[in-house]
Amino acid sequence: MAENEFNKIAAKWQKRWAEKKAFEVSEDPKKKKCYVLEMFPYPSGAGLHMGHSLNYTIGDIFARYKRMSGYNVLYPMGYDAFGLPAENAAIKAGEHPASYTENSMKNFVMQQHALGISYSWDRMLATCRPEYYKWNQHFFIKFYEKGLVYRKKSAVNWCPDCSTVLANEQVHSGKCWRHTETDVETKHLEQWFIKTTAYTEELLADIKKLNWPERIKIMQENWIGKSHGTEIEFEINGKKWPIFTTRADTIFGVTFMVVAAQHPRLGELVTPEQKQNVDAFLKKIKSVSEKELEALDKEGVFTGSYAINPMTGDKVPVYAGNFVIAEYGSGMVMAVPAHDQRDFEFAKKYDIPINEVIHPSKDKKLDDLKKAYTEYGVLVNSREFNGLSSEAAIEKLQSWLSKHNLGKKTFNYKFRDWLVSRQRYWGTPIPMVYCDKCGVVPVDEKDLPVLLPKDVKFGHGNPLASSESFVRTKCPRCGAAAKRETDTMDTFFDSSWYFLRYCDNKNEAIAFDRKKAEYWMPVDQYIGGAEHACMHLIYARFFTKALRDLRMISADEPFPRLFNQGMLHGPDGNKMSKSLGNVVNPIEMIERYSADALRFNLMSLASPDSNSVWNDNGMESASKFVTKMFGSLTHEKIGKSSKGVENKINKLIKDVTADIEGFKYNLALIKIRDAFEYIEHEKISKRDLESFIKILSPFCPHITEELWERLGNKTLLSLEPWPKADESKIDEKLDACDSLAACTRSDINAVKKLASLDKIGKITIIISPKWKYGLFDVLKKEMQKTRNPGEILKAIMSTELKKHGQDITRIVPTVVKDPSKMPTIILSQELERKALEEAKESLASEFGCGVEVVIAEDSKEAKAKNAAPGKPAIVLA
RNA sequence: GCGGAUGUGCCGGAGCGGUCAAACGGAACAGACUCAAGAUCUGUCGGCUUAGUGCCUACACAGGUUCAAAUCCUGUCAUCCGCACCA
């Protein structure tokens, strides 16, 4: 069976690549480096799925291409091996997560080998191994020392299914990112945070520098969410309470205030008479999880306190409400029910006055308030600010407030600090110790890593807490008995710097050697899915900046260039999922067809950045084509390449090179197919044949190595130089030869036909330099055979254009339906007017009829003269 | 609600102002080869057709800009994705 042969070939070359360490690299200052990286996978027990195969093939093609192009290519693979699924699966299977994960990784490695991915396997890493997570702990302590890590009690997101807390980034629409059915609850816990907000501004500003898909950049921008506004100080019970608003212009319409129910200073506001009500309210909203946000009514309770509006001196009641976010701004808002929908609903519910202070325009009032008027407008009922536009009022108020020391112009971010504590086992232990005397103390560097204990019980609460031997320790500072932190780190901590560890993955003394990292960083091409736009990609950017400030690297950004591959759907068009039963297993496909055929098919499906649909027939036919190519190229007749073959091959080199650079692999394959069909039955020089094989090699690395060898080469094709296109051999004329002949013939015929008519009428000749057919020679020959006005016209035009350095291109004769509407000859914009003036003369004498040159400047004139504006035209009268 | 993307033939998808009834692939149909199937090759593959280098209708829908629009602009609709009570 042919399939077996392919699999034998694949195995042979995979073995040889490994033996010869073909893809292992070291720092070489003389060579240009290229760091190609795919987002490392979570090694699930299920093994590789088709989406992985797609992702890795995209990266592999790029890496192979760059390697052959002379770059020193670092292309590593590793495993994001910590995480909840392994822990749960391990519990279910009664196996330790460590062995479970190691087995899964082995399986992944085997499968990635089978795909023929050219990883530098020496650099493999797994985040669950102590030699890796030791450095997580090291960084954690470094960050702690720098004040980038802190512990805080706050309202946190709790997923009951994961039984752990989640970062904001891991809560999607009130649900857990892993459990789309599970509502996230709010808990008040003391947790570890990373001060990602220390870099908010830089994270936001540097997005501009990134060569990333626009939508990912926008998603990050929105996630950071900068908004400009005003800080205004209200006075409550003699104390100052600043609030943030984007609508300072509505300040005269404030009729109440709302403080977040979770606000840490809420207690200060509650009067004894109201305490019972407030407590009841708090209890009520605590039992409600953060769900169905639209459905959630705006609710609140009066605290008993009143706030003084700094502009009006009015006293307005302060409510505690469920719709104000404690962490955003100052956790309190001024409520303007007339001009904010939430405030409006709240006011209606609790019967609070609604004061209009903005009208749509000077003479337009609001008819009746069924909902808030939230647009900008003109101020009313606002004393000296009446009549001002919202924009102007905001500015005036800002300066007024700062002059009186009651507020200022400011801005706010949505972005919050990263909660990294997790109450789970399978992660990096947080290297902190609680001592009764010394408080929170980091573990001594020399005692790292803090190893995950083995003697834990799963199932009830935080597993690490169940290990006596782990929890009990000595205070690193005073030596007294102390307790260890039992939380582990969010696994996103692991993936925030793994790209640095690849640069020096065996270093036992430090996380990575700075020199090595400086050589390889930043990642030149990062490849992965869009789902990490606001998680991994933000954390990794933060980490890079933080490490830069710790003087461990100098890069500002880890991934200047990012490519998002599309999603691969099942044959039925749905997302591939086990429950739908539409999963296609890549290894099955490789066994049935071949790795090269699978790669070929995956890359032909669609442009790698768009979603695509798996098609079994496509797989079948890709396999047939690969088989055919292999068979045919093995028996290719070596000889002198014809001009046609030379043209094809050189054009192919040029085009495919550009297509790979631009990730247009699907188009590259079309050109490869086309070129193959052309050379299939032709004689071809060894050199050209080798070029073709090289061009094919990133896509089908196994058969091409085999072909390379069969041609008598002793080297590895994967390390051969990428062919260069010989531009002098590319002949556009030849390339279009077949279609050209047909086109010309029909053109000539058309003109003949037109010319034989009594009335020549109007002939449109469109000449565009865009069409580089080089038709002139062919035309001239035809011209000599017959003589009639139509052809002469063409000949003249050609000559005239040649004279003025214009390339004669294609001439399209058409009968004009409505001669009154159409200029007769439209020339390209590039044609000089002078050339036209000259052409006019010869046309006139040749035809003996009036020739008018029209150069219209504007559309009116153009219409009058039947010419296009700005474009010169010749009209035969 | 806000933001982003997309809408092309039976399907997956190219095209990004004039070489467009639309690359390439898949499916389908017909033919060649076969005892037959498969494989392979050839042709057809929007409609009409006097079969023509012909006509009509087409690139979500409706308008607009152009001599010229699948391509540019405006609006509408649909689908997908992200964010979501951020003051």
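Chain A is the first sequence line, chain B the second, and so forth, proteins listed ahead of strands; every chain is numbered from 1.
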Exercise. What do the steps show when you test A/Lys298 against A/Asp343 for salt bridge (charged side-chain N to carboxylate O under 4.0 Å, His left out), and what is the final call?
Worked result: CA-CA 9 Å; A/Lys298 317 251 168 307; A/Asp343 300 347; over 6 Å; no
For this session: Have a look at A/Asp340 and say if it touches a base, only the backbone sugar-phosphate, or nothing, with a 4.0 Å heavy-atom cut-off.
Result: nothing
Exercise. When you compare B/C16 with B/A23, how far apart are their P atoms, in angstrom units rounded to a whole number?
Worked result: 14 Å
Exercise. Starting at CZ of A/Arg215 and ending at P of B/G4, how long is that distance when rounded to a whole Å?
Worked result: 13 Å
For this session: Pick out which of A/Leu669, A/Asp659, A/Ile670 makes a side chain to side chain contact (heavy atoms under 4.5 Å, CB included) with A/Lys664.
Result: A/Asp659
Exercise. In whole Å, what separates the C1' atom of B/C61 from that of B/C81?
Worked result: 23 Å
For this session: For A/Lys628 and B/G25, give me the distance from atom NZ to atom C1', rounded to whole Å.
Result: 13 Å
Seminar exercise, completed: When rounded to whole Å, the CE to C1' distance for the pair A/Met629 and B/U40 reads 17 Å
Exercise. Between B/A58 and B/U53, how far is it from one P atom to the other, in whole Å?
Worked result: 23 Å
Exercise. Now, which nucleotide makes the Watson-Crick or G-U wobble pair with B/G25, with each of the two distances under 3.5 Å?
Worked result: B/C11
For this session: Would you mind reading off the distance between A/Met257 atom CE and B/A87 atom P, rounded to a whole angstrom?
Result: 16 Å
Problem set entry | A/His569 NE2 to B/U79 P, straight-line distance once rounded to whole Å | 16 Å
Exercise. Given side chains that start at C-beta, do those of A/Thr410 and A/Gln398 come closer than 4.5 Å, heavy atoms only?
Worked result: no
Problem set entry | Separation of B/C83 C1' from A/Phe415 CZ (nearest whole Å) | 15 Å
Exercise. Looking across every strand, which nucleic acid part, if any, lies under 4.0 Å from A/Val324 by heavy atom: base, sugar-phosphate, or nothing?
Worked result: base
Exercise. For the residue pair A/Phe663 and A/Tyr665, is the inter-centroid distance of their aromatic rings smaller than 6.0 Å?
Worked result: yes
Exercise. A/Lys298 NZ to B/G1 C1': how many Å, rounded?
Worked result: 11 Å
Problem set entry | A/Asn222 CG to B/G1 C1', straight-line distance once rounded to whole Å | 14 Å
